[in-house]
Structures are given as C-alpha cells and as structure tokens.
Amino acid sequence: MPLKKQAKPVKKPDAPVKKAPAPINLVRGMKDILPADQPVWDLMRDKARELSQAYGFERIDTPFLEETGLFVRGVGKLTDIVEKELYSFETLGGEHVSLRPENTASIVRSYIQHGMLNLPQPIKLWYLGPMFRYDRPQHGRYRQLHQFGCEILGEGGAVVDAQLVFISWLFLKELGIEATVQINSIGTPESRANYRNALVAYFRTRRNKLSEDDKKRLVKNPLRILDSKDPAVQELKAEAPQIVDWLDEDSKAHFMRVLEFLDELRVPYELNPYLVRGLDYYTRTVFELYANTTDNDLAQAAVGGGGRYDGLSEVLGGRPLPGAGFAMGLDRIASLLKESNAPVKSEKIDVFVAQLGDQGRKRAFSIFEELRKSGIPAAEAFAKDSIKAQMEIANKRGAKLVVIIGQKEVLDGTAVLRDMDSGTQEIIDVRKVIHEIHKKLPQIEAH
Ligand code: HAM
C-alpha cells in the first residue's frame with residue numbers, strides 16, 4: 001500500500017534551537033587499541049601464551065577490582081603507586097576498593113585464599129591484562145596499561161630468579177627486540193634497613209644539594225632517592241654507599257648463583273647497584289629490562305621488571321612463601337614493535353562467499369556457516385549488493401576460491417565455484433560445495 005504523503009511540519013518561530021551535544025572523548029591517559037593496532041597486540045599475546053605454556057606456567061585471571069588494603073599492604077603505603085597512583089573509591093556498600101595497579105599482590109592473595117599451598121609446588125602462573133595507575137600521562141605512560149607477567153610461587157632457589165629473567169628477556173628477543181637486563185640484589189628487609197640508615201646518613205650531610213622532592217623521599221622512602229633524575233643526585237650517587245656492601249651472606253651467595261645462571265643462559269645483563277624498584281615487596285633479586293632503541297623516551301623507560309618477593313605472603317596474612325616474577329609493559333613493547341615494522345600475521349582467507357539477491361544471500365549465509373564449521377578460513381560481505389564490489393573484496397583478502405550464489409543458483413540447487421588464479425568457473429551441486437572446496441584447495445596450493 002502506498003504510504004500517504006505526509007505534510008511537512010511547520011516550524012514554529014519560537015521553537016528552541018537544539019544544540020548538538022558535545023562529543024565525548026577518551027578519559028585522559030586512556031587509549032583505544034584500534035583494529036589496525038591489533039596485529040601487533042596479537043603478536044605479543046601469542047608469544048606470551050606460547051612461552052608461558054612452554055615453560056610450564058598456567059593462566060590465571062584475577063579481578064580488576066580488589067580491596068584497597070591489598071595494595072596498601074602488598075605494594076606498600078609509602079610507594080608512589082599507592083600514595084599517588086591508585087584509582088580508589090568507596091562502593092555503594094561502603095567497601096574501599098581499588099583498580100589493580102599491578103597483579104603480583106592479587107596473585108599472592110589468590111594463592112592464599114584458594115589454598116594453593118596444598119598443591120604440588122612450585123605454582124607457576126601467568127597473566128595478561130590491564131592495570132590502572134593514575135600516573136602523569138606521557139609517551140609510553142598510560143593510566144590503563146597492559147602487562148604480561150609470570151610468577152613462580154613456593155620455590156626460593158636462585159635458578160627460579162634466573163629463569164624468570166631469561167623468559168622476560170626471551171619474550172622481547174623473540175619479538176625482535178634486543179634488550180638489556182639491569183639487575184641488583186636488595187637483600188633481606190634487615191640488610192636493607194641497615195643500608196637505608198647508611199644512605200640516609202650519607203644524604204643528610206648533603207641535604208642542601210637535594211630538591212624538595214628528594215628531601216621528602218629522604219624522610220619517607222630514602223631508597224627511592226636512588227631513582228631521582230636530578231643531576232645533583234646523579235653526581236652524589238657516585239660516592240653513595242652501595243647496597244651490595246650491606247647484603248647478608250645468604251643474599252650475596254643467592255645473587256652470585258643468579259648471575260652464574262644468567263651467564264650460562266647468555267642473557268646480557270648489567271649490574272646496577274642503584275636499582276631498587278618502586279614496590280615494597282621485593283627481597284633479594286630485582287631486575288628491569290631496557291630496549292636498545294633510538295627512541296629516547298622509550299630507551300629510558302623500562303619495558304619490564306620484576307624480582308623476588310619472599311615476604312609478600314606473610315604481609316598479606318599467609319604463611320611464609322618464597323615467590324618471584326616479572327611483568328612486561330605491553331604498551332611500550334607495542335610502540336617498539338610498530339616503530340620496527342615487525343612482521344605481523346595477516347588474516348589470510350581461502351574462500352570468499354559472494355551472493356546476489358535476497359534468496360542468494362540466505363543460501364550464502366548457510367554456506368558460509370558450513371565453511372566456518374569445517375575450519376576453512378572464509379569471508380563474506382553480506383551487506384554488499386554488487387557482485388563487482390564483492391569480487392574486489394575477495395581479491396583484496398587473497399581468496400583462492402569464490403562461491404557465488406545468485407537467484408538462478410538457488411532455483412537450480414547449484415553454486416558457481418570460481419578459481420581466482422585461473423579465472424575458471426564451474427557449476428556444482430550446492431550440497432557438494434564443502435566437499436569440492438576441500439578437494440580443490442590442496443590442488444591450488446600445490447601449484
Ligand atoms: P612494574 O615495574 O611496576 O612492576 O611494572 C612492570 C612494567 O609495566 C614496567 O616495566 C613498564 O614497562 C610497565 N608499566 C608500568 N607503569 C606503566 C604505565 N603507567 N604505562 C605504561 N606501562 C607501564 C610490576 O608491576 C610488578 N608487579 C612486576 C612483578 C611481577 N614483580 C614480581 N612479579
């Protein structure tokens with residue numbers, strides 16, 4: 001029935017002018033990982049899974065939201081991460097929760113909570129996912145960052161530390177990124193306390209040369225002065241006491257064994273006596289990875305870091321439990337991969353399903369589903385009407401065969417099968433499409 005022609009609405013002179021709403025943009029420090037970026041992310045995800053599985057790690061996913069106390073106790077009340085960078089809020093029910101800024105504390109919580117102590121040790125876990133830090137956004141620094149990490153719980157031997165350093169380095173190497181490991185030992189909490197006193201005594205006599213920020217650190221978290229970028233501190237550092245001279249005998253021996261393993265594994269490392277890391281849970285080995293790149297910002301930002309945390313479980317209310325791990329910063333690694341034009345896997349297809357007319361489209365729909373179920377990489381463009389446009393897409397996607405279903409084929413119970421290389425076409429029984437494709441594909445590939 002023809003629709004009644006509607007009268008044009010008469011615009012009232014005093015009708016209020018509707019303003020278009022302002023577009024909503026990303027929250028500062030957040031980013032979209034767009035389809036064009038996904039091949040690089042797939043490369044990292046695939047490599048993370050492959051290496052973790054090869055080295056006997058099992059996947060774990062912990063929630064993004066945890067009780068704030070987990071990070072205050074686990075990561076440390078006076079660390080930058082907890083003091084300045086935690087996304088914390090109170091829920092409607094009055095719980096104090098935070099978005100996870102890292103995953104090690106959550107994993108140890110999960111280990112304790114689920115009694116993993118009763119399983120054969122060590123427990124080897126890996127994870128990949130977003131973390132949240134209210135950091136100052138800049139190149140390579142986001143407020144939602146993504147990490148791939150591995151943790152080994154229940155084993156205190158030096159070989160574990162070395163293996164973790166090796167895997168983190170190998171992850172980069174196999175992605176085509178040459179990196180150097182910086183490594184140090186920060187000993188036990190006792191040896192660290194003695195060192196901290198020596199460091200405070202040293203910097204206190206030079207207090208007038210320190211910036212306001214570093215003066216605060218001297219009182220609150222003196223070891224972090226060693227991370228200061230201030231040139232004055234850089235100079236003072238050269239004469240400052242070094243933690244290696246304060247290590248207890250066991251930590252020293254442990255560190256030597258870690259280095260011997262690394263020599264054996266041929267991992268390039270540099271001893272960095274000032275590396276202390278920004279999380280409180282570390283004991284003994286700490287390490288960071290830096291990419292050899294010409295991008296100055298990225299060269300100075302660690303692409304990964306980790307270490308041993310033998311005291312973390314007890315801080316979180318668990319039994320004594322040795323542990324060690326690392327986390328890689330995938331956002332920074334993605335930038336490096338993009339910069340180096342790393343080869344990425346292309347999503348090649350074998351078959352394209354083209355259709356013409358409503359009936360053709362319906363039939364094509366079920367053929368496409370049969371192809372998918374039989375594991376043949378296929379593509380379609382059901383929203384397109386023109387065969388020419390569909391053939392162009394088939395060409396672009398590298399299809400070897402195209403199945404064409406039009407009105408006539410639907411009526412005849414047939415399909416047209418076109419070999420894209422030779423341009424030859426044949427008409428086949430629609431019920432034999434999958435069978436024919438299975439037969440033809442190996443022949444085409446053999447050419
Ligand atoms: P982390 O050093 O704080 O260690 O973070 C690991 C990596 O995450 C860094 O080396 C860096 O590449 C990346 N990252 C950190 N913050 C940002 C940011 N704002 N934007 C982009 N990337 C960032 C940890 O998180 C420990 N949980 C590692 C660990 C596991 N230790 C023992 N087990």
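Counting starts at 1 for both ligands and their atoms, in listed order. Note that the structure is a prediction, hence the values are computed from the model and not measured.
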For this session: Can you run down the side-chain hydrogen bond (donor to acceptor under 3.5 Å, both in side chains) pairs that involve residues 310-329, sequence neighbours left out, and say none if there aren't any?
Result: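 Sorted result for residues 310-329: R308-D310.
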
For this session: Name all pairs fulfilling the side-chain hydrogen bond (donor to acceptor under 3.5 Å, both in side chains) condition that reach into residues 261-270, sequence neighbours left out, sorted by first residue then second.
Result: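 Matches after skipping sequence neighbours: D263-Y269.
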
Exercise. Do the ring planes of F132 and Y87 sit parallel (below 30°), tilted (30 to 60°) or perpendicular (above 60°)?
Worked result: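 Plane angle over 60°, so perpendicular.
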
For this session: Could you please provide the protein residues found below 4.0 Å of ligand 1 on a heavy-atom basis, arranged by chain and number?
Result: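 Shell around ligand 1 (4.0 Å, heavy atoms): E102, T104, R133, D135, G140, R141, Y142, L145, Q147, E151, R277, L279, Y281, Y282, A302, V303, G304, G305, G306, G307, Y309, G325, F326, A327, G329, R332.
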
For this session: Look at D385 together with R361 and state whether they make a salt bridge at an N to O cut-off of under 4.0 Å.
Result: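 Between R361 and D385 there is a salt bridge, with a charged N closer than 4.0 Å to a carboxylate O.
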
For this session: Indicate yes or no: does K124 engage E151 in a salt bridge with an N to O separation below 4.0 Å.
Result: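 The answer is no: the pair does not qualify as a salt bridge.
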
Exercise. Tell me the salt bridge (charged side-chain N to carboxylate O under 4.0 Å, His left out) pairs involving residues 365-375, sequence neighbours left out?
Worked result: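 Every pair satisfying salt bridge (charged side-chain N to carboxylate O under 4.0 Å, His left out) with a residue in residues 365-375: E369-R372.
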
